[in-house]
Amino acid sequence: MRNSWKWWLLLLFASIGLAGWAVSQQVGREPLVYDDEQKGLQNQIIIYFSHVVAENTPKGLAAQKFAELVEQKTDGRVKVEVFPNGSLYSDGEELDALLRGDVQMIAPSFSKVTELVPEWQVLDLPFLFRDEDDVCRVFTGEIGAELLEMLEAKKIKGLALWSNGFKQMMSTTRPLIAPDDFRGLRFRIMPSEVIEKQFRLLGGEPVAVSFDHVYRALEQHEFDGQENTISNIYSKSFYKFQPYITISNHGYLGYAVMMNQAFWDHLPKDIQQKITEAMAEATQWNLQESKAQNERELQQLKRREDVFLYRLSEEEKRKWEQKFAPLYEEFAKRFGARLLDEIRESEK
Ligand code: SIN
């Protein structure tokens with residue numbers, strides 16, 4: 001008798017375990033129709049939006065803003081669930097997850113898109129943009145639209161270009177001012193041919209490390225420097241390990257906001273329209289807020305005694321630009337000068 005009890009208990013726990021496993025297998029697979037806690041929402045459309053940065057960053061906040069706008073504009077018919085901090089997928093996994101349809105939206109950095117569409121390397125070129133106005137014109141104008149259209153061939157619906165901000169250089173042991181200061185140092189980079197060559201031209205050794213591993217790699221002293229925006233440096237506390245920050249504004253970190261094409265194609269037309277409107281509003285908000293946030297957090301870093309900030313002079317910048325000239329020549333040789341010329345033209 002006692003033994004038969006044990007068997008029943010074992011069977012019960014095994015069934016619970018199996019049911020739990022089955023539910024976990026569904027997460028991210030078929031979330032289109034979702035019965036929310038509220039009654040009457042059985043036909044709600046759920047969009048899983050995965051990203052890798054903290055919630056309180058230009059991308060994290062814009063994703064939340066977009067989710068709110070979509071919910072308002074569709075009267076709750078569409079719900080955007082945002083998963084920050086790589087909690088669903090790391091930046092090395094998210095593109096594949098989007099293409100498989102395991103997640104419906106992601107917003108990887110431009111560098112990560114270059115693996116799929118090499119022409120996007122143009123956006124990684126150092127000193128491409130002079131200021132945020134240039135960025136805004138390119139992101140929301142014809143060039144931005146043209147870049148987003150290139151994603152269609154890869155079964156991706158490009159929705160918008162979002163901004164984080166200008167990238168700055170940082171290092172563990174010394175300020176990076178003259179090109180020679182980079183010699184012999186190891187730099188964490190995002191996976192990008194242009195960025196890799198940029199550091200090689202400065203005499204550094206680039207190492208591609210995914211964003212979610214940067215903090216741990218810093219703790220283990222795996223590299224001497226990196227480039228990132230003030231908002232990423234601040235929100236992830238990178239300055240605690242690499243306190244020498246050079247305000248160089250040499251590169252730009254932006255994001256391609258994208259949706260799985262098949263998912264988009266299956267959405268009703270009126271929902272597509274509302275999502276487009278919400279994205280346009282969220283993008284305008286992101287372009288303003290990202291600039292303000294980087295400025296605010298720069299002020300916070302300035303107040304810290306353990307952070308050493310240095311602003312590159314115009315003359316010092318010119319020395320970096322001279323070093324980077326081969327990147328432009330190579331881009332034009334490989335892809336033609338048209339895209340570059342159009343960007344330059346739009347900046348006049
Ligand atoms: C991001 O902002 O999405 C990550 C940037 C990085 O990999 O440094």
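Just so you know, ligand 1 is whichever comes first in the structure, and atom 1 is the first atom listed for that ligand. Values below: every heavy atom of this structure, side chains too, minus hydrogens, waters and symmetry copies.
The aromatic rings of Y215 and F238 lie tilted to each other, with the angle between the two planes from 30° to 60°. In this structure, F66 and W162 have perpendicular ring planes: the angle between them is above 60°, well past the 30° mark.
We find that E94 and K112 are not joined by a salt bridge, their nearest charged nitrogen and carboxylate oxygen being 4.0 Å or further apart.
Looking only at protein heavy atoms, the nearest one to atom 2 (O) of ligand 1 is Y255 OH, 2.5 Å. Looking at atom 8 (O) of ligand 1, its nearest protein heavy atom turns out to be R188 NH1, 2.7 Å. Considering only non-hydrogen protein atoms, atom 6 (C) of ligand 1 sits nearest to F211 CD1, 3.3 Å.
Here the closest heavy-atom approach between residue R174 and residue R183 is recorded as NH2-O, 3.4 Å.
Residue T57 does not touch ligand 1, judged by heavy-atom distances below 4.0 Å. The proximity of V52 to ligand 1, defined as any non-hydrogen pair under 4.0 Å, is limited to the side chain.
Which parts of ligand 1 touch V53 is read off a 4.0 Å heavy-atom cut-off, strictly below it: atoms 1 (C), 2 (O), 3 (O). Within ligand 1, the atoms closer than 4.0 Å to a non-hydrogen atom of N228 are 8 (O), numbered from 1 in the order shown. Interface atoms of ligand 1 facing K59, defined by a heavy-atom separation under 4.0 Å, are 1 (C), 3 (O).
Residue contacts with ligand 1: S109 is placed with no nitrogen or oxygen under 3.5 Å of a nitrogen or oxygen of the ligand (distance criterion only).
Open room surrounds CD on E55; 12 or fewer heavy atoms of other groups in view lie less than 6.0 Å from it.
For the residue pair S235/T57, the side-chain donor-acceptor check at 3.5 Å is not satisfied. If you check the side chains of E132 and Y252, you find a donor sitting under 3.5 Å from an acceptor.
By the 4.0 Å heavy-atom criterion, K112 is counted among the residues contacting ligand 1.
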